Amino acid sequence: MSSPMLKIDGLNVNYGAIHAVRDVSLEINRGEIVTLIGANGAGKSSVIRSIMGLVKSRANEMTYISPRTNKAVNIAGKPAEEHVKLGISLSPEGRRILPQLTVEENLQLGAYIRDDADGIASDMEYVYSLFPRLKERHKQKGSTLSGGEQQMLAVGRALMSRPDLLMLDEPSLGLAPILVDEVFAIIREINAQGRTILLVEQNAFAALKAAHRAYVLEVGAVSLSGTGAELLNNPKVRAAYLGG
Amino acid sequence: MNLNIFVQHFINALSLGSLYGLVAVGYTMVYGILRLINFAHGDIFMLGAYFVYFATIVYHLPWAIGVIIAIILTTICGLLVDRIAYKPLREAPRISALISAIGVSFFIENFAVVVFTGMPRPVVQPPILMKPIEFSGGIRLIPLGILVPVVSFVLVGALLWLLYRTKPGLAMRAISFDIEATRMMGVSVNRIIALAFGLGSALAAVAGIMWALRYPRVEPFMVMTPGIKAFIAAVFGGIGSVPGAMIGGLILGFVEIMSVAFFPTLSGYKDAFAFLLLIMILLFRPTGLLGEKLEDKI
């Protein structure tokens, strides 16, 4: 029933002498929300960044099966810009919005690989409907936005390439609790509209509640995996990440 | 000083300033994107002048065709400089690219001395550009004096249109803030960087050609003074800012021409004024006129 979309086997990332990711294997199926949780420095961002082609990594297998073509593509060693064209998109940690460009220009940049002006315009309206605050501020420079608005912009920008696989790196980082709930509600909404999501989070509780399946990373290796509900009730996870 | 003389000086200042500006734009674009001072940029200007000299005077091509060929060849040279000297060093510390830039600059200059010889060569100006036109009020101007600022403004206007109204322009502005984030959006960063080098080189070629027409000769070290002035213009206007580079060029042109016009006894100091301006702006507004404070990258 479930058709795989991304298969990673034996992923390793080294930064000089630091072995940041050790033999990580994971699988994402079409339509899922999969989350990677773990402590600060567990290697979550390194995993997601190597999937995106932003860091050098070694892996036995790194296959992406595009729902558009049903073809399996080896994405290992491909540069980030190729990933976007395949339908993978990343809202990076720290938001990385472009401070001197307006909200609208940031979104246009997200649609860089596309040429269908009408489709881009309607997707922009879609992003504005998800995040009405962005519409109010569409002519403002990115640097003038609050942290929460910048996060919305980063997610919206990642949606503008019409990705099949949307990767979100710490979308709740630094947000007020009320905004965290809002962001997770929107993540579920985006998923309900048919996009597969890989979510990296320190906020394990919210992430596990939202996710279909989850992997727990500890010092660069997968220590546990299961459905979101299983891990929410796992005593080890509760002790380590959910405050008992 | 009568009106005719003043208008002459004014047009002269506008010409010189817009040439500085045109070269400054190339410095500022590359700096804005790569944080690299492209020392070879001035030498690209010199190559543009030589190419047009060879096309029109040695190979007797019509000016219009010679100019186009010179611009194309110069642009290719600019792209090659990026490809050979800078692209392999994209991930290296910034100082490496800077040293590479100095090396390329020396290489091109000395290569030019070997190939073209160090002898200045006279450029034969097309008569149509030199025939004075009479305006009312006894003002006489040569067409070249009007052509230079007009061409410069049109080109910089076109560049601004490209930067602010097109997709490659959007990518170029984005890269200058965050290369990796731009790459994540599907932008082929090296292609956009090459575009910046290509455009900067084409503008430098046009400036070199017009410079060769104004001071009718070419020589391998012809860029020494205008190159430094253009660089000062880019810093003065706020390095990284295209309108700033043009404004900086114009201010420099006006200070240089007007100081000599109004205080002929100070004419020996005209280059010193440019440096004085540079020192003042660095003291009181280190980011330049239109420069924005560089934000720390996360």
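Note that these values count all heavy atoms, side chains included, but never hydrogens, waters or copies made by symmetry. Treat the numbers as computed from the prediction; the structure is a model and nothing was measured. Letters go in sequence order (proteins before strands), and every chain restarts at 1.
Partner B/Met185 forms a side-chain contact (heavy atoms from CB on, under 4.5 Å) with one of A/Asn106, A/Leu109, A/Leu98, A/Leu90 and no other, that one being A/Leu109.
The side-chain heavy atoms of A/Gln100 and B/Arg173, taken from C-beta on, include no pair separated by under 4.5 Å.
Residues from residues 129-140 of chain A never place a non-hydrogen atom less than 4.5 Å from a non-hydrogen atom of chain B. For residues 71-86 of chain A, a heavy-atom distance under 4.5 Å to chain B picks out A/Ala80, A/Glu81, A/Val84, A/Lys85, given by residue number. Contact residues of residues 155-170 of chain B toward chain A are B/Lys167, B/Pro168, B/Leu170 (heavy-atom distance under 4.5 Å).
Atom CZ of B/Arg285 has more than 12 neighbouring heavy atoms from other residues, nucleotides or ligands inside a 6.0 Å radius. By the 6.0 Å contact criterion, CZ on B/Phe275 is open, its count of non-hydrogen atoms from other residues, nucleotides or ligands being 12 or less. Under a cut-off of 6.0 angstrom, the local environment of OH in A/Tyr64 is crowded, with over 12 non-hydrogen atoms contributed by other residues, nucleotides or ligands. A/Arg188 CZ: more than 12 foreign heavy atoms inside a 6.0 Å radius.
A pairwise comparison of heavy atoms in A/Tyr112 and B/Ala171 identifies CE1-CB, 3.7 Å as the closest pair.
The side chain to side chain contact (heavy atoms under 4.5 Å, CB included) test applied to B/Val67 returns B/Val52, B/Trp63, B/Ile71, B/Ile209, not counting sequence neighbours.
Only the backbone of A/Arg114 comes within less than 4.5 Å of a heavy atom of chain B; no side-chain atom from C-beta onward does.
Taking A/Met52, A/Arg157, A/Gln108 one by one and counting their heavy-atom pairs under 4.5 Å with chain B, the maximum is reached by A/Arg157.
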